[in-house]
Protein chains: 2
Amino acid sequence: MADEEATSIWMQPEGHERSGPGRRPGYSREQITRTAVRIADAEGVEAATMRRIAGELGTGAMSLYRYVPRRDDLFDLMIDLAMSEIELPDGPSGDWRGDLTLLARQTRAAGLRHPWLIALLTSRPTLGPHLLRVHEFALSAFNGTGLDIDDITGFAGMLNDYVHSAIRREIGWLEEARRTGLDPERWKRDYMGPYVRQVVESGAFPLFNRSVLDSRTAHLAPEERFRHGLDRILDAIAALIPSLRPR
Amino acid sequence: MADEEATSIWMQPEGHERSGPGRRPGYSREQITRTAVRIADAEGVEAATMRRIAGELGTGAMSLYRYVPRRDDLFDLMIDLAMSEIELPDGPSGDWRGDLTLLARQTRAAGLRHPWLIALLTSRPTLGPHLLRVHEFALSAFNGTGLDIDDITGFAGMLNDYVHSAIRREIGWLEEARRTGLDPERWKRDYMGPYVRQVVESGAFPLFNRSVLDSRTAHLAPEERFRHGLDRILDAIAALIPSLRPR
DNA sequence: TTCCATTTGCGTACATGGTACCTGAATGGT
DNA sequence: ACCATTCAGGTACCATGTACGCAAATGGAA
């Protein structure tokens, strides 16, 4: 065994598929990661403890450390497994708006399937292969619009920011309710509700009040809301790209 | 004592300044929160444990629970204390772009002073009074542009998303380095560096490569980079507001 | 002044988490 | 048949949030 140098998980191969002597590994990174994802989907990341994952696999907690150096690295693996579900064509179609819409919807779907994904993604700087693949596709959609690489990166970031924060809005307080143990309806009514009502009735923040009370989009289906916001971002981008502004 | 109903921290007054019988409180929420913020600024949120905060105040961990129901509520208080440092005029000046630029710079300053702020803010749905004040100012800057409340909310969100993710970019891997215990230079060189180099040299992601290698803005000072991105967002917003597009 | 209901201070204790270390079992080349 | 090598996983340690309970302080009532 080498120095166990501290480095990114993506630089440390699993090590098996070697033919020398020694006991055969009984598990695999992928198997462990899938188990962790399944638990996190159902009960939140905080339920996916080393002991719990190992228990689900019918082994002891310490066995996992033969496959994953630290729990944080397992998070990276979970993120990349979730990102791998984002299905995209090999390259851009030429219709930049269609490509980015597809990307956004796929990302939203993955974010809803794995309610922990966006939170983890936001909390740690990770660059797994599937994240790179998805990112590359986003950048490539802008290729051929005459933008330089800094503008491409900037616009792709703008879109990414929107998608992430829209997903957070959609699942944010649902997750918070689960974390605190209350069912969502009770949480909204008893936990956050009274305070928001007090703030609204105080009249101290009139525009906030209007955004709570007078919103028309608030009553749309979540998917339509997402689409509306997305279209606005894409409009904004289009308005700033000279080669796309033929008016 | 009442039912100890589970509700937002903002609905539970501190309770002191009562004149009945009973021992006088020796501490205060504000004092506790300030201590927590000081520790988190210097050593990260994970260092601001209940025991540590209490120790810093010269008392026992359990004493804090007379002032704060749960550790998560203390996070809400920390967030709002940090947000209170964002200095803004009482109302919009009429120059929407100037107002939003001021807001963005103040937010960036707070985010750099308190490297944990954006992460906490993103990870939990909180609505403290100072956050509401800041949010109301953002909304008010758009008032008078002829937008309806949904568009105002949307554009304010767009700006907010940019500011937050720009701050995250600026401090993101610095914080990660601190978390893992390595000094930043070592982290970049030994931890993430080798992997990024391998990805770049593989040539698998050409546009990612260009964004890493060919970027011109990458060599700007952080503040200028922030300003560039901000201007682009504001341009995008301006392009979509009919009453601001006299061209 | 003397009590006593009330409120704070905080030590003890427990459950839960990551993970270092170590022993024993399995494995395939010599 | 032996042995270096690798995996399985039990035990143990330390850190964390926090429930519980009792002692100390406090001010109004008697």
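Note that these values count all heavy atoms, side chains included, but never hydrogens, waters or copies made by symmetry. For clarity, every value in this text was computed on a predicted model and none was experimentally measured.
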Exercise. Starting from P on dC7(D), measure out to OH on Y65(A) and report it in whole angstrom.
Key: 17 Å
Quiz item: Do R51(B) and dG17(D) have a side chain to base donor-acceptor pair shorter than 3.5 Å?
Solution: yes
Exercise. Check the angle between the aromatic planes of W187(A) and W173(A) and answer parallel, tilted or perpendicular using the 30° and 60° thresholds.
Key: parallel
Practice problem: Describe the nucleic acid contact of T49(A) in one word from base, sugar-phosphate, nothing, applying a heavy-atom distance below 4.0 Å. | Solution: sugar-phosphate
Quiz item: dG9(C) base to R66(B) side chain: any donor-acceptor pair below 3.5 Å?
Solution: yes
Quiz prompt | Side chain of R71(A) (C-beta onward), nearest among dG27(D), dC21(C), dG17(C) | solution = dG17(C)
Exercise. Calculate the interatomic distance between L64(A) atom CG and dC7(D) atom P; express it in whole Å.
Key: 14 Å
Practice problem: Calculate the interatomic distance between D72(B) atom CG and dT16(D) atom P; express it in whole Å. | Solution: 16 Å
Quiz item: To the nearest Å, how far apart are E14(B) CD and dT7(C) P?
Solution: 15 Å
Quiz item: Among the nucleotides dA20(C), dG9(C), dT18(D), which one has an atom lying closest to any side-chain atom of S63(B)?
Solution: dG9(C)
Self-check item: Carboxylate-amine/guanidinium contact R197(B) E201(B), below 4.0 Å
Solution: no
Quiz item: Quick one: does NZ or CZ of R29(A) land under 6.0 Å from the six-membered ring centre of Y67(A), within 45 degrees of the ring axis?
Solution: no
Quiz item: Which nucleotide, dA20(C), dG11(C), dG9(C), lies nearest any side-chain atom of Y67(B)?
Solution: dG9(C)
Quiz prompt | Pairing of E14(B) and R66(B) as salt bridge, 4.0 angstrom limit | solution = no
Practice problem: For D73(A) and dG18(C), give me the distance from atom CG to atom P, rounded to whole Å. | Solution: 14 Å
Self-check item: R186(B) charged N/C atom sitting above Y191(B) aromatic ring, 6.0 Å / 45°
Solution: no
Exercise. In whole angstrom, give the distance that lies between atom CE of M50(A) and atom C1' of dA20(C).
Key: 13 Å
Exercise. Starting from P on dG27(D), measure out to CZ on R24(B) and report it in whole angstrom.
Key: 5 Å
Quiz prompt | Nearest-angstrom distance from the residue atom CZ of R29(B) to C1' of dT8(C) | solution = 15 Å
